Amino acid sequence: MTVALMWEARAVEGKGEELLAWAGGRPLDPPPLRRETFRAPEDRVLVITWWDGTYDTPGLPELPEPGEDLVRRAVHRWRFETVETVETFEADAAEV
């Protein structure tokens with residue numbers, strides 16, 4: 001089973017790049033199976049990490065709260081466990 005942890009923050013106006021660098025520079029120990037960092041309008045940053053475990057697995061490392069000088073509000077956090085995985089592969093142009 002896989003569990004995904006989502007961490008989302010909204011930067012203080014004009015500090016989106018700084019928050020993005022802050023989030024990307026935070027190591028997790030142990031490292032997750034996968035980690036992706038996203039950005040969105042209004043200086044939002046989202047980090048999703050994937051772990052072996054279930055929804056209730058204790059002790060999974062999470063990103064901390066950034067300093068108040070970087071964020072407009074408390075970080076939002078969610079956990080999701082895998083229900084289904086579908087892998088899509090693009091056909092090689094020669095096979096079409």
Side-chain angles (χ1 to χ4, degrees):
M1 175 95 23
T2 303
V3 62
L5 277 58
M6 297 177 64
W7 178 101
E8 185 268 340
R10 186 171 178 197
V12 169
E13 188 172 345
K15 292 202 172 187
E17 289 300 318
E18 190 175 340
L19 179 60
L20 186 62
W22 182 93
R26 295 290 170 264
L28 295 171
D29 185 27
L33 299 172
R34 180 176 169 183
R35 176 177 175 162
E36 288 191 55
T37 303
F38 301 85
R39 76 166 109 207
E42 300 181 352
D43 293 325
R44 295 179 191 274
V45 175
L46 172 68
V47 179
I48 306 174
T49 56
W50 285 262
W51 305 88
D52 277 329
T54 63
Y55 185 88
D56 295 323
T57 299
L60 295 176
E62 296 191 52
L63 292 174
E65 290 278 336
E68 291 181 7
D69 61 319
L70 276 182
V71 292
R72 295 180 189 212
R73 56 162 168 75
V75 169
H76 292 170
R77 301 169 191 272
W78 303 274
R79 282 187 179 214
F80 295 88
E81 65 183 7
T82 300
V83 175
E84 177 182 30
T85 302
V86 177
E87 295 195 30
T88 306
F89 299 95
E90 290 185 32
D92 186 318
E95 296 176 9
V96 176

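Along the sequence shown, the residues carry numbers beginning at 1. All values reported here derive from a predicted model rather than from experimental measurement.
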Between Leu19 and Arg10, the two heavy atoms sitting closest are CD2-C, 4.1 Å

Does Met6 belong to the same Ile/Leu/Val/Met/Phe/Trp/Tyr cluster as Phe38, with side-chain heavy atoms less than 4.5 Å apart forming each link? yes

Nearest non-hydrogen partners of Ala9 and Val71, listed with the distance: CB-CG1, 4.0 Å

May I ask whether Trp78 and Trp50 are part of the same hydrophobic cluster, defined by side-chain heavy atoms of I, L, V, M, F, W, Y residues being less than 4.5 angstrom apart, directly or through others? yes

For the student: nearest non-hydrogen atoms of Arg79 and Thr57, plus distance: NH1-O, 2.8 Å

Would you mind telling me which of Ile48, Thr49, Leu20, Leu46 makes a side-chain contact (heavy atoms from CB on, under 4.5 Å) with Thr37? Leu20

State, to 0.1 Å, how close Pro61 and Asp29 come at their nearest heavy-atom pair, and which atoms those are. CG-O, 3.5 Å

Would you confirm whether Thr2, through its side chain, and Thr82, through its main-chain N or O, come within 3.5 Å as a donor-acceptor pair? no

Take Arg26 and Glu62, measure what salt bridge (Lys or Arg N to Asp or Glu O under 4.0 Å) needs, and give me the verdict at the end. CA-CA 10 Å; Arg26 295 290 170 264; Glu62 296 191 52; over 6 Å; no

Pro64 versus Trp22, closest heavy-atom pair with distance: O-CH2, 3.4 Å

May I ask you to test the Leu28-Leu63 pair for a side-chain heavy-atom distance under 4.5 Å? yes

For residues Arg35 and Val47, report the shortest heavy-atom separation together with the two atoms involved. NE-CG1, 4.0 Å

Would you find a donor on one side and an acceptor on the other, under 3.5 Å apart, between the side chain of Arg39 and the backbone of Val45? no

For Tyr55, does the OH atom sit with more than 12 other heavy atoms under 6.0 Å from it, leaving out its own atoms? no

Which value, rounded to the nearest 0.5 Å, describes the distance between Leu70 atom CG and Glu65 atom CD? 11.5 Å

Test item: Glu8 side-chain N/O and Arg44 main-chain N/O as donor-acceptor pair under 3.5 Å: no

May I ask you to test the Leu33-Asp52 pair for a side-chain heavy-atom distance under 4.5 Å? yes

With a 4.5 Å cut-off on side-chain heavy-atom distances among I, L, V, M, F, W and Y, is there a chain of contacts connecting Val12 to Trp7? no

